Amino acid sequence: MPQDSSHPNERPHRVAVIVDEGTNPFEVGVATELFGLPRPELGLPGPLYEVSLCTPVPGIRMNHGFFTLTGVPGLEAVDEADTLVVPGRPDNVVPRGAAVLDAIRRTHARGARVMSLCTGSFALAEAGLLDGRRATTHWLWADAFRELHPKVLLEPDVLFVDDGDILTAAGSAAALDLGLHMWRRDHGAEIANAVSRRLVFAAHRDGGQRQFVERPVPDVPDESLAPLLAWARERLGESLTVAALAARAAVSLATLHRRFRAQLGTTPLAWLTGERVTLACRLIERGEERLAVVAARSGLGTAANLRARVRRETGLSPSEYRRRFGPRT
């Protein structure tokens, strides 16, 4: 089960990463960067996660033979994992080895969380974990996935899918989005934001955002949105609208949408709502119990809208979120 960061004396949440023949090294790096590095910036007495890599055989060649991974434990390492991460590989239509599929099945069967990155969802589907469940994969492989695994409820145009104990990311960059979502789900918005700042990566992109399937290059490079985003974050509690963002940037609404799509992969409204939910969660974490105050200060307007948005983004009601991530008395 996910760990609660308010109990610093508990052991770290164990993350095992299966590295199979031909695995993409980027996604292995994403997993180790997200969950394996010391994080002194969090000011906690110990790590919240610990990572171990594991392989089906000694000496695993990575994608395109860039290097060979040696000195890594075998698949028995998954038996101690709280979360199992399965990165992708390019030969998705080639069946996985029986040992890898068995490791995935037994990890899930004992109640651990399972997460795939990019085309790692092929392995989860081959292991039988995804039949009748929501999942995603890289858009380039969506047709092949449907043909091989027709019982899976594939959502090919989103960044990631959180289906409770099984999570799937659409692509290599979306692996970062899903990893930060896991930090947020396990330990709250405040800590997830600190991790995203360390990564110099967007703190929150909704999993329902579309993948970059096709994106024409603009004729003239757009200016950075960073100044506008910083200005907006200081005014989330105000009646800030997409039209106000466009006016601040001195561009048309169409240009603003194009820039958000190009630079953030989302719409101005979705970004603004996500930032407001993040602020609301941080206020709850810091001890504000009055939902009307949280709603007003975050710009979500009403307590009813606050409840709906927080539940949609975190899977928890504000009161449940407070019990899990709020200050201990």
Side-chain angles (χ1 to χ4, degrees), residues 2-3 12-39 41-42 47-55 60-64 66-69 72-73 77-78 81-92 100 104 107 112-124 135-141 158-163 166-187 191-207 209 211-212 264-266:
Q3 300 271 337
H13 184 99
R14 299 186 183 116
V15 178
V17 184
I18 289 184
V19 185
D20 200 1
E21 190 73 23
T23 290
N24 295 325
F26 179 85
E27 289 143 30
V28 177
V30 166
T32 54
E33 174 78 21
L34 278 165
F35 306 118
L37 295 186
R39 300 211 173 269
E41 69 273 15
L42 299 182
L48 297 176
Y49 299 98
E50 62 181 22
V51 171
S52 61
L53 307 183
C54 57
T55 60
I60 285 289
R61 295 187 65 218
M62 305 299 288
N63 184 9
H64 290 96
F66 287 130
F67 58 88
T68 299
L69 188 66
V72 175
V78 306
D82 302 300
T83 293
L84 176 63
V85 178
V86 183
R89 67 182 198 188
D91 52 347
N92 297 299
V100 169
I104 294 171
T107 303
R113 180 168 52 187
V114 179
M115 173 190 303
S116 69
L117 307 181
C118 194
T119 56
S121 51
F122 278 79
L124 303 195
T136 191
T137 195
H138 194 290
W139 63 269
L140 191 62
W141 290 92
V158 299
L159 293 179
F160 61 83
V161 170
D162 180 345
D163 200 38
I166 298 179
L167 303 93
T168 51
S172 295
L176 282 166
D177 292 297
L178 181 55
L180 286 170
H181 172 77
M182 182 166 145
W183 272 96
R184 180 186 177 100
R185 179 174 132 173
D186 289 356
H187 303 294
I191 286 180
N193 285 344
V195 174
S196 72
R197 286 193 294 271
R198 169 86 172 266
L199 291 168
V200 195
F201 190 75
H204 178 67
R205 292 200 299 168
D206 190 339
Q209 292 174 204
Q211 296 182 41
F212 296 117
L264 299 180
T266 187

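None of the values given here were measured: they were computed from a predicted structure.
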If you look at every heavy atom in P90 and G22, which pair is closest and at what distance? CD-O, 3.3 Å

Distance (rounded to the nearest 0.5 Å) between R39 CZ and R198 CZ: 5.0 Å

Under the side chain to side chain contact (heavy atoms under 4.5 Å, CB included) criterion, do T168 and L124 qualify, and how do the steps go? CA-CA 9 Å; T168 51; L124 303 195; 4.2 Å; yes

Working to the nearest 0.5 angstrom, can you tell me the gap between D162 CG and H181 NE2? 3.5 Å

Taking the side chain as C-beta and beyond, is there a heavy-atom pair between N63 and P25 under 4.5 Å? yes

When every non-hydrogen atom of G36 is compared with those of V51, the smallest separation belongs to N-CG2, 3.5 Å

Is the ring pair F35/W183 parallel, tilted or perpendicular, if the boundaries are 30 and 60 degrees? parallel

Polar side-chain atom of T119 near backbone of R89 as donor-acceptor pair, under 3.5 Å: yes

Roughly how far, to the nearest 0.5 Å, is CD1 of I104 from OG of S116? 9.0 Å

Interatomic distance, CG@N193 vs CZ@R184, rounded to 0.5 Å, equals 7.0 Å

So how far is it from F67 CZ to R61 CZ, rounded to the nearest 0.5 Å? 11.5 Å

Inspect the contact between D186 and R113 and indicate whether a charged nitrogen and a carboxylate oxygen are less than 4.0 angstrom apart. yes

Smallest heavy-atom separation, S52 atom then A77 atom, equals OG-CB, 4.3 Å

Check: L42 and I191 side chains under 4.5 Å, non-hydrogen atoms: yes

Out of T55, I60, V100, which one pairs with I18 under the side-chain contact (heavy atoms from CB on, under 4.5 Å) rule? V100

Interatomic spacing from OG1 in T83 to NE2 in H13 - rounded to 0.5 Å: 2.5 Å

Testing the basics here: between V72 and L53, what is the closest heavy-atom pair and its distance to 0.1 Å? CG1-O, 3.1 Å

Where the side chain of S121 meets the backbone of T136, is there a donor-acceptor pair that is under 3.5 Å apart? yes

Using side-chain heavy atoms (C-beta onward) and a distance below 4.5 Å, is L180 in contact with L199? yes

Sub-3.5 Å donor-acceptor pair from the side chain of H138 to the main-chain atoms of L140, do we have one? yes

Expected output: side-chain E50 to main-chain P12 donor-acceptor under 3.5 Å: no

Closest approach of A31 and V85, non-hydrogen atoms and distance? CB-CG1, 4.4 Å

4.5 Å side-chain heavy-atom contact, M62 and T23: yes

Check whether any side-chain heavy atom of H187 lies under 4.5 Å from a side-chain heavy atom of L48, and answer yes or no. yes

Beyond-backbone contact of F160 with L167, side-chain heavy atoms, under 4.5 angstrom: no

Would you say D82's side chain and R14's backbone share a donor-acceptor pair under 3.5 angstrom? yes

